[in-house]
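First up is the structure itself, then whatever we jot down about it.
Convention: sequence-line order gives letters A, B, ...; per-chain numbering from 1. All values reported here derive from a predicted model rather than from experimental measurement. Computation of the quantities below employed the complete heavy-atom set of this structure, encompassing side-chain atoms and omitting hydrogens, waters and symmetry-equivalent molecules.
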2 protein chains.
Amino acid sequence: MNRPEPDPALRATTRTRIQSRNREIIVQAALEVFSTYGFRGTTLDQIAAKAGMSKPNLLYYFPRKEGIYVAVLEETLTEWLEPLTRLDEAGDPVDEIRKYIVLKLELSRRNPAASRLFANEILHGAPSIGGFLTGPLRALVDEKSAIISRWIAEGRLAPVDPRHLIITIWAVTQHYADFDVQVRAVLGSEAEPIPDAEATILSIFLNGLRPR
Amino acid sequence: MNRPEPDPALRATTRTRIQSRNREIIVQAALEVFSTYGFRGTTLDQIAAKAGMSKPNLLYYFPRKEGIYVAVLEETLTEWLEPLTRLDEAGDPVDEIRKYIVLKLELSRRNPAASRLFANEILHGAPSIGGFLTGPLRALVDEKSAIISRWIAEGRLAPVDPRHLIITIWAVTQHYADFDVQVRAVLGSEAEPIPDAEATILSIFLNGLRPR
DNA sequence: GCCAAACTTGACTAAACGGTCAAAACGGAC
DNA sequence: GTCCGTTTTGACCGTTTAGTCAAGTTTGGC
């Protein structure tokens, strides 16, 4: 009755130190669990245990399981987009593509959990982030595709469909995070796969894209 | 008591017509459901409904949920491997790679559910088919990598790590099945993505791999 | 047509799980 | 130290879901 703000998750403007700290702890714990078991495969008890708190306390910060999931996804998406935003029209085309591939591979190595979380969401039809795909993501791809098209028109890059080029780069870079188990099984060595992957991918793509 | 063979799933050798028919119906229904919702997200009731039979009857043929899942995966894996087995040392290297990419893309278009099922299983750490990855899959990749290595040694293909080449081809081809929602959101058109994807991928890979 | 084996299902159970609630513990301002 | 809002939790509830069971129906060989 005299509880004017029953939901701390809604008060983004006024957060206590404890709230910011615990929300961060929860999101980190949830990222690990969700990325391993998926949304349906994850239980609140697992997240609570990993975050070191009781389940009701978890629900004090995020009243619904889906709220935790969306919070984790949102934090992940910004990081995911960032490398593409850096693609610079003023740079050398082949070198810009090289930098983009290197950045995306580094992200796959540094934060494979985020990549897997994202992959899982898309694989199941993007129920929680469909709007992100058709909104900000598509807009960014449109913008960067235009740059690539101009490079091609100037004869500074081999003629390919710029959107499929971007999609293809996503595919080869994220694959090393999402399918890590398979990659390691097939390679059979203890060595980190990504350095060799980088050499191979750069060789194929940069030779394949160099104007002739 | 006088039920010497209580589990029809174990009697692979002696199956009635009804058994073969219903097992096939179940596996088909389960593929659709598992590939959409994942293992945990799928309920036996969904599979039973799609297969047009009662849940207890479903469990008459597959006593455990996991048994259905493994059966679907096994049927899928054979199809998944097939294109790579066709890579022919006697053929022209660049043309053999081209054929392989085309076949894998065709598979993605014809049976995206199978690709997604497989992707989901790997993404979650391959709990049910770890042995397939380190066994038959790795063996096949070893065998075909050797062929590619010889092509490179003969100067008939640009020098790249053959295992990473195969992995990279998997990545770009399966991506169009697994991430279909994202691909369509980014392209924004109603057109089928795969024909344009094929042109782009072939252009990059074949130019990238042609010896220079 | 009869019979036994094969097949099918409605009704049920036990466990897992998302979420609630009321009450206790804590913390910072005075 | 007192007080009040914030944080924390044990106990609980309703639903969902994998799997059981016993009884019914169908099928195929004779």
Problem - Near-strand residues of residues 25-36 of chain A, defined as heavy-atom separation under 4.0 angstrom from DNA chain C - result: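 When residues 25-36 of chain A is checked for heavy atoms under 4.0 Å from DNA chain C, there are no hits whatsoever.
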Handout entry: From A:S35, A:S108, A:S115, residue fulfilling side chain to side chain donor-acceptor pair (under 3.5 Å) relative to A:D178
Key =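 The residue from A:S35, A:S108, A:S115 that satisfies side chain to side chain donor-acceptor pair (under 3.5 Å) with A:D178 turns out to be A:S115.
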Hey, can you pull the donor-acceptor pairs under 3.5 Å for the side chains in residues 70-78 of chain B, sequence neighbours left out?
| residue | atom | partner | partner atom | Å |
| --- | --- | --- | --- | --- |
| B:T76 | OG1 | B:V72 | O | 2.9 |
| B:T78 | OG1 | B:E74 | O | 3.4 |

Report the distance from atom [atom1] of [X] to atom [atom2] of [N], rounded to the nearest whole Å.
X: B:M53; N: D:dG24; atom1: CE; atom2: P; answer: 22 Å
X: A:L59; N: D:dT8; atom1: CG; atom2: P; answer: 13 Å
X: B:Y61; N: C:dT9; atom1: OH; atom2: C1'; answer: 12 Å
X: A:K65; N: D:dT16; atom1: NZ; atom2: C1'; answer: 12 Å
X: B:L58; N: D:dA18; atom1: CG; atom2: C1'; answer: 11 Å
X: B:R21; N: D:dT26; atom1: CZ; atom2: C1'; answer: 12 Å

When you measure from the side-chain N and O atoms of [X] to the phosphate of [N], is any distance below 4.0 Å, counting only OP1 and OP2?
X: B:R64; N: D:dA18; value: no
X: B:R40; N: C:dC17; value: yes
X: B:Q19; N: C:dC7; value: yes
X: B:Y60; N: C:dT8; value: no
X: A:N57; N: D:dT7; value: no

Problem - Closest contact, heavy atoms only, B:F34 versus B:F39 - result: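 B:F34 and B:F39 have their closest heavy atoms at CE2-CD1, 3.7 Å.
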Exercise for the section: Grab the two heavy atoms, one from A:A197 and one from A:Y176, that are nearest each other, plus how far apart they are. Expected result: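 Closest approach of A:A197 to A:Y176: CB-CZ, 3.3 Å.
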Exercise for the section: Just jot down the ring pair (Phe, Tyr, Trp, His ring centres under 6.0 Å) partners of A:F132, sequence neighbours excluded, or say none. Expected result: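 Ring pair (Phe, Tyr, Trp, His ring centres under 6.0 Å) check on A:F132 returns nothing, list empty.
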Handout entry: Close approaches to DNA chain D from residues 41-48 of chain B, in residue order (heavy atom, under 4.0 Å)
Key =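 Listed by number, they are B:T42, B:T43, B:L44.
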Problem - First of A:P56 and B:N22 reached from the 5' end of DNA chain C, by closest nucleotide - result: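 Its nearest nucleotide lies further toward 5', so the answer is B:N22.
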Handout entry: Pair assignment for DNA chain D - dot-bracket with | for other-strand partners, Watson-Crick or G-U under 3.5 Å
Key = ||||||||||||||||||||||||||||||
Practice task
Confirm from the modelled atom types if B:K55 and D:dG19 form a donor-acceptor pair under 3.5 Å, side chain to base only.
Solution key: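 Per atom types, the contact qualifies.
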Under-3.5 Å N/O pairs linking protein and nucleotides 27-30 of chain D:
| residue | atom | partner | partner atom | Å |
| --- | --- | --- | --- | --- |
| D:dG28 | OP1 | B:R17 | NH2 | 2.7 |

